[in-house]
Student: 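First, the structure itself, so that you have it in front of you.
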Amino acid sequence: MTSPLGTLASARLGTPARQAPSLHGYDAGLLLLRLALGLTMAAHGAQKLFGWFGGPGLDGTAQFFTMSGYPAGRTMAVVAGLSETLGGLGLAAGLLTPLAGAAVVGTMINALAVKWGGGFFAPKGVEYELLLTAGAAALALTGPGRCALDRFLPGLRTPRPVHGVVALLLGVVLAGGVLLVRK
């Protein structure tokens, strides 16, 4: 016995039919998450690179990286700013989502390392950074949904968890390498 499209009926077990989950709802939820997280990260990166939105700009960010123990503060500021800006825009657009998520995760691992020890809650804690890291990792693993530019790329049209896992491993390894050079 087959059930009508859109329902999960089980007449043999005597359970009532129920509606199948809406893919449109999942897509809308992923789009909302991508836009909020991606645009937040892109704006944060623009603060570092250009001084937009009240940010310190490249010189101020370079000084912060140097004070935080990173060698070549200016280079690290550029890398962090580009990772946040391009990773955030990639997430927002749903373009190369596994790599965009990994870029954000890698940057946020370093942010967590710098802020670690201040507790969990703001203003000195890591709750904000941890939430951004988890959201970016989740998007890298799940894919962007159907309202995304990845849908037009043959290799990423159908999300595969292995893409997200490989991208996240790359992001974590690169972040770990950067942390190793920190004093």
Student: Does R182 reach the side chain of V114, with side-chain heavy atoms less than 4.5 Å apart?
Tutor: yes

Student: Check whether V165 and V172 end up in the same hydrophobic cluster, where Ile, Leu, Val, Met, Phe, Trp and Tyr are linked by side-chain heavy atoms less than 4.5 Å apart.
Tutor: yes

Student: What do the steps show when you test L49 against T61 for side chain to side chain contact (heavy atoms under 4.5 Å, CB included), and what is the final call?
Tutor: CA-CA 8 Å; L49 292 174; T61 303; over 6 Å; no

Student: Tell me if a side-chain donor or acceptor on R34 pairs with a main-chain N or O of L139 at a distance below 3.5 Å.
Tutor: no

Student: Does CZ in R151 sit with more than 12 non-hydrogen atoms of other residues, nucleotides or ligands closer than 6.0 Å?
Tutor: no

Student: Closest approach of A46 and F53, non-hydrogen atoms and distance?
Tutor: CB-CE1, 4.1 Å

Student: Which residues pass the side-chain contact (heavy atoms from CB on, under 4.5 Å) test with L131, sequence neighbours left out?
Tutor: none

Student: Compare every heavy atom of A136 with every heavy atom of V105, then report the nearest pair and how far apart it is.
Tutor: CG2-CB, 3.8 Å

Student: For the side chain of K124 and the backbone of G119, is there at least one donor-acceptor N/O pair under 3.5 Å apart?
Tutor: no

Student: Any non-hydrogen side-chain atom of M41 less than 4.5 Å from a side-chain atom of L132?
Tutor: yes

Student: Is there side-chain contact between T75 and Y70, with at least one heavy-atom pair below 4.5 Å?
Tutor: no

Student: Ignoring hydrogens and angles, tell me if any N or O in the side chain of E84 forms a donor-acceptor pair with the backbone of A42 under 3.5 Å.
Tutor: no

Student: What's the separation between atom CG in L153 and atom OG1 in T158, rounded to the nearest 0.5 Å?
Tutor: 11.5 Å

Student: Please report the shortest heavy-atom distance between G106 and A175, naming the atom on each side.
Tutor: O-CB, 3.4 Å

Student: State, to 0.1 Å, how close E129 and A111 come at their nearest heavy-atom pair, and which atoms those are.
Tutor: CG-CB, 4.0 Å

Student: Could you check if a side-chain atom of L149 sits within less than 4.5 angstrom of a side-chain atom of L96, using non-hydrogen atoms only?
Tutor: no

Student: How about T107 and V79: do any of their side-chain heavy atoms sit closer than 4.5 Å?
Tutor: no

Student: Ignoring hydrogens, what is the shortest heavy-atom contact between G101 and A140? Give both atom names and the distance.
Tutor: CA-CB, 4.3 Å

Student: Quick one: does D27's side chain have a donor or acceptor within less than 3.5 Å of a partner on G145's backbone?
Tutor: no

Student: Can you tell me if D150 uses its side chain to pair, donor with acceptor, with the backbone of T97 under 3.5 Å?
Tutor: yes

Student: Assess the residue pair V181 and M76 against the criterion (side chain to side chain contact (heavy atoms under 4.5 Å, CB included)); give the C-alpha distance rounded to whole Å, side-chain angles, the decisive distance to 0.1 Å, and a yes or no.
Tutor: CA-CA 11 Å; V181 301; M76 292 296 181; 4.0 Å; yes

Student: To the closest 0.5 Å, what do you measure between CD1 (I109) and CG (L179)?
Tutor: 7.5 Å

Student: Do L33 and V104 sit in one hydrophobic cluster, given that two such residues count as connected whenever their side-chain heavy atoms are within less than 4.5 Å of each other, even indirectly?
Tutor: yes

Student: Taking the side chain as everything from C-beta on, heavy atoms only, tell me whether T85 gets closer than 4.5 Å to K48.
Tutor: no

Student: Please say yes or no: joined through hydrophobic side-chain contacts below 4.5 Å, possibly via intermediate residues, are W52 and V78 part of one cluster?
Tutor: yes

Student: Once rounded to the nearest 0.5 Å, what's the spacing between atom CG of L39 and atom CG of L89?
Tutor: 7.0 Å

Student: State plainly whether one hydrophobic cluster holds both L91 and L30, where clusters connect Ile, Leu, Val, Met, Phe, Trp and Tyr through side-chain heavy atoms under 4.5 angstrom apart.
Tutor: yes

Student: Which atoms form the tightest heavy-atom contact between G87 and A100, and what is the distance?
Tutor: O-CB, 3.4 Å

Student: How long is the gap from NE2 on H163 to CG on L141, to the nearest 0.5 Å?
Tutor: 12.5 Å

Student: Write out all pairs satisfying ring pair (Phe, Tyr, Trp, His ring centres under 6.0 Å) with one or both partners inside residues 74-130, taking only residues at least two apart or from two chains.
Tutor: none

Student: Distance from C147 atom SG to L32 atom CG, nearest 0.5 Å?
Tutor: 11.5 Å

